[in-house]
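In this chain, numbering begins with 1 at the start of the sequence shown. Just so you know, these numbers use all the heavy atoms, side chains as well, and skip hydrogens, waters and symmetry mates. Worth saying up front: this structure is predicted, and the values here are computed from it rather than measured.
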Amino acid sequence: MSESELFPEATKFTYANTDGYQKDRIFDPYTYRHNYDEDQLETLLSKYVTELLDVHNESIKFMEAAPENKLLAKCKDSIEFGIHRIRSLKVLISVTQENLRNYYSAEEEIQELPIDSEFKIIQTHENSDSESEEEKFDRSVVIDQAEDAIMSPLALNDGILALPEYHPRVKVKYLQKLITGEKIASIPSVYITLACIVKMLERIKVEMYILENEECGTSQYKNVFSWTLKLASIFDYYYASLKAKLKNPFYGKEETDEIQEHFEFVEVLDEIEYYKLADKGYQEAGRVLGVASKCCKHTSMCRQLFSLAGWLPMYYFFKRKEGADKGLYFMNTLNKERFQRLNKWPQTGLVKSISKITSPKVKVEEKIFVQISVKDELSYKRNISSSKTPQMCKKDLDLPFRVKMKHYDPEEYLKIRITSSEDWDTVNWKKGKLKSPDSEPVTLPAAILYIHGGGFIGGSTGSYRNVLRKYATMTDCPVFSVDYRLAPEYKYPTQVSDSWLCYLWIRYYSEKYLGVKFEKIIVVGDSAGGCISLGVSLLAIQKGCISPDGLMLCYPGACGNRNEFYPSCLLSTDEPYLNTMFIDFCCTLLFDDEKRSREFICSPIYAPRKLLKKLPPMRVGIPAIDPLRDAAIELFRKCIKSGCDVKGKIYKHLFHGYLEMDAFPFYMKDCELAFNDSVEYILELIGPGLYFS
């Protein structure tokens with residue numbers, strides 16, 4: 001069987017078909033999950049060791065041939081890192097080859113083996129006297145190679161990229177068990193990962209061909225370097241795929257009944273038009289990031305604005321392609337300091353003015369500062385696993401809000417943004433106190449607590465201003481959103497802690513300090529905010545507090561453990577912005593200890609069933625082209641099996657971040673419809689007759 005017959009979609013790569021849109025650039029692991037061929041896998045492993053070495057050698061050649069240029073200095077660091085990881089990937093493929101040899105000698109067919117990720121097979125494959133010296137496999141050499149490759153330093157200079165080591169000693173120990181046959185590799189997941197490697201090899205060959213045969217500037221060298229670095233990132237996914245659970249439903253022949261019954265699959269209105277707009281959206285996002293990456297080189301806000309005046313017209317009118325490429329390169333070679341400065345951009349006067357013009361009008365948009373209840377704050381040492389009821393629930397604490405602070409200390413105060421289409425007229429916002437302290441509180445049907453995304457390291461209530469205003473005007477409910485502290489300055493679990501304390505303040509103190517009583521509180525979150533929303537709800541259940549009355553989750557993160565493999569993880573290798581480098585970047589900055597990534601408040605998929613079954617009604621929006629897709633689906637399968645009220649939509653062509661793609665400068669109709677679906681779900685959770693007309 002030829003490569004093209006085995007991987008019919010992976011070997012076909014086009015930038016743009018005759019209709020002019022880039023549909024084929026998306027790698028979809030679902031294409032390969034049912035068709036893996038065990039008999040061909042070992043042959044493919046041998047083939048791709050050769051392919052990887054070819055790319056490895058070509059990468060070195062291009063690195064040496066690259067012109068001396070300051071812009072390419074960091075590219076060379078990246079390619080060196082990529083070469084190191086390609087060597088490691090070759091070692092892992094060699095380990096898989098030996099595991100397959102042992103496996104086939106122990107059992108003739110995979111189907112006869114018990115399906116258990118921890119199943120141990122009896123080792124019967126030994127080097128017999130009949131084997132020639134060439135056929136004998138020196139396991140000690142492979143183990144030494146694996147240890148050398150994995151234990152090598154992973155960090156790059158200047159903080160461009162720094163991947164966690166993921167407990168390398170344990171990794172080598174597991175590889176030893178694979179080599180000796182004590183453990184069995186997960187064949188379906190290895191097959192899917194190989195399919196992804198095929199497509200990435202094809203992409204790198206295309207980029208190198210362009211570089212060899214066309215007159216290119218420095219941006220094309222960056223493309224080659226970026227894609228080689230992406231290929232190197234497969235190392236962590238390949239290792240995780242070896243350990244993937246064979247019970248994983250994503251290797252089944254059909255969708256599970258739970259998903260079919262509780263989720264609606266939504267097609268786009270016009271596929272060709274959608275992909276044209278999607279490509280335009282990616283280009284616009286790239287230009288925005290391209291301009292920002294130039295401006296954020298400077299620490300001074302004045303110099304940033306001066307740089308903006310020069311680069312904005314340059315990338316939007318004269319060098320549009322270069323601007324888009326610059327944004328993609330920025331996401332592939334993230335720098336901690338520049339990323340932190342990028343987060344401050346939504347607070348600049350220019351960005352505020354643009355967002356106010358392009359967003360719906362509201363009557364209330366205030367920032368308040370609420371003192372943190374230190375005893376209820378989550379930390380490494382307390383309050384996460386404890387079921388003790390928080391002080392904010394048991395006692396009437398003195399936690400008034402302030403509207404102005406000259407020196408805001410995020411370790412002492414929460415910063416909360418309140419957005420509302422109507423003023424409930426109980427608060428003097430200028431003075432920051434109730435107009436009539438002795439009057440009866442106003443009763444409102446519901447409030448929304450929106451927890452923004454950003455990978456725990458980015459985003460703010462300012463950058464989500466358009467989303468907050470739209471929810472406020474379309475639901476007629478006041479929307480609260482917290483500026484939780486971000487990594488790396490504040491490590492996990494600070495992000496969950498701030499959101500948790502904000503929820504408790506709205507639930508137990510809004511009547512006292514805002515003069516308003518909410519009949520329901522609906523928690524809404526996207527991406528990392530969806531993960532935090534689930535964490536807040538699980539904490540409320542664990543600690544005996546009043547739970548949210550409903551959850552609306554858009555493309556939520558369900559698993560923060562990078563050693564857990566799901567097929568959709570591979571989408572990040574072909575995703576411009578939520579790519580492998582960004583996900584690794586977030587995990588590296590968020591956790592001091594990688595073991596904590598399995599705690600249920602940051603990985604709800606590990607929550608015990610006794611907590612899952614008590615979760616409030618959940619409404620969900622999941623884009624099909626999203627690296628977080630499969631973990632989220634698996635979580636909601638568990639919730640459905642536990643008896644939870646779960647309903648949602650899976651958008652077959654949408655991608656991560658669609659909530660923000662219906663506004664300036666993107667205006668994507670399908671994203672607007674998905675946003676409207678989330679509004680309908682929120683109103684459904686509030687209940688008939690409760691929300692404003």
What do the steps show when you test E366 against V427 for side chain to side chain contact (heavy atoms under 4.5 Å, CB included), and what is the final call?
-> CA-CA 11 Å; E366 301 289 342; V427 179; over 6 Å; no
Given side chain to side chain contact (heavy atoms under 4.5 Å, CB included), test T475 with I522 step by step and report yes or no.
-> CA-CA 11 Å; T475 64; I522 308 299; over 6 Å; no
Side chain to side chain contact (heavy atoms under 4.5 Å, CB included) between L514 and F480, worked out | CA-CA 12 Å; L514 297 179; F480 294 78; 3.8 Å; yes
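Scored by the side-chain contact (heavy atoms from CB on, under 4.5 Å) test, C639 finds L612, L615, M618, L635, C644, V646 as partners (sequence neighbours excluded). With sequence neighbours left out, the side-chain contact (heavy atoms from CB on, under 4.5 Å) criterion links K363 to E422. With sequence neighbours left out, V442 forms a side-chain contact (heavy atoms from CB on, under 4.5 Å) with T426, L444. Every residue two or more places apart in sequence or in another chain that forms a side-chain contact (heavy atoms from CB on, under 4.5 Å) with E411 is listed here: D409, R485, Y490.
Listed for the D526 side chain is a donor-acceptor partner under 3.5 Å among the backbone atoms of G453. Remark: side-chain polar atoms of K491 are paired, donor with acceptor, to backbone N or O of L589 under 3.5 angstrom. Put simply, the side chain of W424 never gets that close to the backbone of P478: no donor and acceptor are under 3.5 Å apart. Counting only distance, with no hydrogens or angles, the side chain of N561 and the backbone of S597 share no donor-acceptor pair below 3.5 Å. Counting only distance, with no hydrogens or angles, the side chain of K433 and the backbone of N428 share no donor-acceptor pair below 3.5 Å. Looking only at distances, a side-chain donor or acceptor of S603 sits under 3.5 Å from a matching main-chain atom of G560. Panel note: side chain S497, backbone P493; no donor-acceptor pair is recorded below 3.5 Å.
Between D398 and K512 no salt bridge is recorded (no basic side-chain N to carboxylate O distance below 4.0 Å). With salt bridges taken as basic N to acidic carboxylate O contacts below 4.0 Å, none links E594 and R562.
Between S537 and P548 the shortest heavy-atom distance is OG-CG, 3.5 Å. Here the closest non-hydrogen pair linking Y237 and I583 is OH-CD1, 4.3 Å. Residues A632 and P556 approach most closely at CB-O, 3.9 Å, considering heavy atoms.
A distance of 12.0 Å separates CD1 in I601 from CG in L534, rounded to the nearest 0.5 Å. Taking CZ from F591 and SG from C586, the interatomic distance works out to 10.5 Å, rounded to the nearest 0.5 Å. Atom-to-atom distance recorded for R469:CZ and K361:NZ is 6.5 Å, nearest 0.5 angstrom. Note that NZ of K543 and NZ of K394 are 11.0 Å apart. Values are rounded to the nearest 0.5 Å. For the atom pair D396 CG and L399 CG, the distance stands at 8.5 Å (nearest 0.5 Å). M474 contributes atom CE, which lies 9.5 Å from atom CD1 of I682 (distance to the nearest 0.5 angstrom).
Side-chain contact of T461 with R417: a donor-acceptor pair under 3.5 Å is present, judged by distance alone.
Under the 6.0 Å distance and 45° angle rule, R598 counts as a cation-pi partner of Y606.
Applying the ring-ring contact (aromatic ring centres under 6.0 Å, His included) definition to pairs two or more places apart or across chains, those involving residues 429-463 are Y450-Y464, Y450-Y471, H452-Y464, H452-Y484. Sorted by first and then second residue, the ring-ring contact (aromatic ring centres under 6.0 Å, His included) pairs with a member in residues 392-415 read F369-Y408; sequence neighbours excluded.
With contacts defined as side-chain heavy-atom distances shorter than 4.5 Å, the pair N466/E660 does not qualify. The shortest side-chain heavy-atom distance between L628 and L578 falls under the 4.5 Å cut-off. Looking at heavy atoms from C-beta onward, Y509 lies out of side-chain contact with L504 at the 4.5 angstrom threshold.
Around NZ of K395, the count of heavy atoms belonging to other residues, nucleotides or ligands within 6.0 Å does not exceed 12.
For the side-chain contact (heavy atoms from CB on, under 4.5 Å) criterion with I448, the lone passing option out of S420, C477, S481 is C477.
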